[in-house]
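Since the model is a prediction, treat every value here as computed from it, not as a measurement. Quick note: residue numbers are just sequence positions, from 1.
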Amino acid sequence: SRGGKDSSADQPQGADEHKKIRLGRKTWLSGSTFAYMYPLIKAGYDHPLEETELPPLQDCDKAEIHGLALERALKEDPSACSTNGTEELEMREFLRNCSESMAPTLLSASWRVFKSPFMCGGLWKLPHDLLAFLSPFLVKAVYRYVDPKSMDHVPTWRGGSGVCAP
């Protein structure tokens with residue numbers, strides 16, 4: 001054995017296997033900051049993750065659910081052409097029957113399906129972008145305020161200390 005640890009040949013079989021990782025509780029704050037994924041990130045830092053360790057994907061996050069929602073939104077597009085009565089058309093036939101100017105767009109369907117996540121993401125991203133743009137100007141303003149060489153202004157504590165002195 002090396003350094004007081006058992007070598008991999010000395011370990012019992014199955015000791016190298018890792019348990020399935022459980023994600024933390026997802027609230028609106030932990031969901032927006034991805035803090036609920038900390039156990040998964042920590043395990044990935046400790047060792048390479050195996051597929052068997054990963055938690056199952058939630059039903060609402062599966063590609064089939066999003067694909068069906070987008071397909072439904074494309075078929076229900078108000079600018080789309082009408083379908084043949086009650087007959088259910090396949091998506092290719094549906095799009096083939098629509099004129100090019102009246103064809104539903106993926107952008108409009110995506111907006112209808114994912115409107116709230118886009119809006120929430122935008123509300124988080126806008127302040128970030130504004131602060132990233134304004135930070136050099138704010139740093140410059142703070143520096144000008146505390147710069148001892150620039151006496152354009154007199155801080156209140158310097159002016160007040162002369163008045164209070166006997």
Hydrophobic cluster identity match, [X] and [Y], side-chain contacts under 4.5 Å:
{"X": "Leu68", "Y": "Leu106", "value": "no"}
{"X": "Ile65", "Y": "Leu70", "value": "no"}
{"X": "Trp124", "Y": "Phe114", "value": "no"}
{"X": "Met119", "Y": "Val113", "value": "yes"}

Where do [X] and [Y] come nearest, in terms of heavy atoms and distance?
{"X": "Lys62", "Y": "Leu57", "result": "CE-O, 3.6 Å"}
{"X": "Cys60", "Y": "His66", "result": "O-NE2, 3.2 Å"}
{"X": "Pro55", "Y": "Leu40", "result": "CD-CD1, 4.2 Å"}
{"X": "Gly24", "Y": "Pro39", "result": "N-CG, 4.1 Å"}

>> Do the side chains of Asp147 and Arg144 get close enough for a salt bridge, i.e. N-O under 4.0 angstrom?
In response: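 No, no charged N to carboxylate O under 4.0 Å.
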> Can you name the residues that form a ring pair (Phe, Tyr, Trp, His ring centres under 6.0 Å) with His128, not counting sequence neighbours?
Replying inline: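 Ring pair (Phe, Tyr, Trp, His ring centres under 6.0 Å) list for His128, sorted by chain: empty.
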> Considering residues at least two apart in sequence or located in another chain, which fulfil the ring pair (Phe, Tyr, Trp, His ring centres under 6.0 Å) criterion with Phe137?
Replying inline: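 Per chain and number, Phe137 pairs via ring pair (Phe, Tyr, Trp, His ring centres under 6.0 Å) with Phe133.
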> What ring pair (Phe, Tyr, Trp, His ring centres under 6.0 Å) pairs are there with at least one residue in residues 22-52, not counting sequence neighbours?
Replying inline: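 Found His18-His47.
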> Within the side chain of Lys19, is there an N or O that forms a donor-acceptor pair under 3.5 Å with the backbone of Glu53?
Replying inline: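 No; zero donor-acceptor contacts below 3.5 Å.
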> Which value, rounded to the nearest 0.5 Å, describes the distance between Glu64 atom CD and Glu71 atom CD?
Replying inline: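 Taking CD in Glu64 and CD in Glu71, the distance rounds to 12.5 Å.
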> Taking atom CD1 of Ile21 and atom NZ of Lys42, what is their separation to the nearest 0.5 Å?
Replying inline: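 Result: 11.0 Å between the selected atoms.
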> Sequence neighbours excluded, which residues qualify as side-chain hydrogen bond (donor to acceptor under 3.5 Å, both in side chains) partners of Lys115?
Replying inline: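 side-chain hydrogen bond (donor to acceptor under 3.5 Å, both in side chains) list for Lys115, sorted by chain: empty.
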>> Going by side-chain hydrogen bond (donor to acceptor under 3.5 Å, both in side chains), name the residues that satisfy it together with Thr27, two or more places apart in sequence or in a different chain.
In response: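 Only Ser30 meet the side-chain hydrogen bond (donor to acceptor under 3.5 Å, both in side chains) criterion with Thr27.
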>> Among residues at least two apart in sequence or on other chains, which ones pass salt bridge (charged side-chain N to carboxylate O under 4.0 Å, His left out) with Lys140?
In response: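 Expected list: none.
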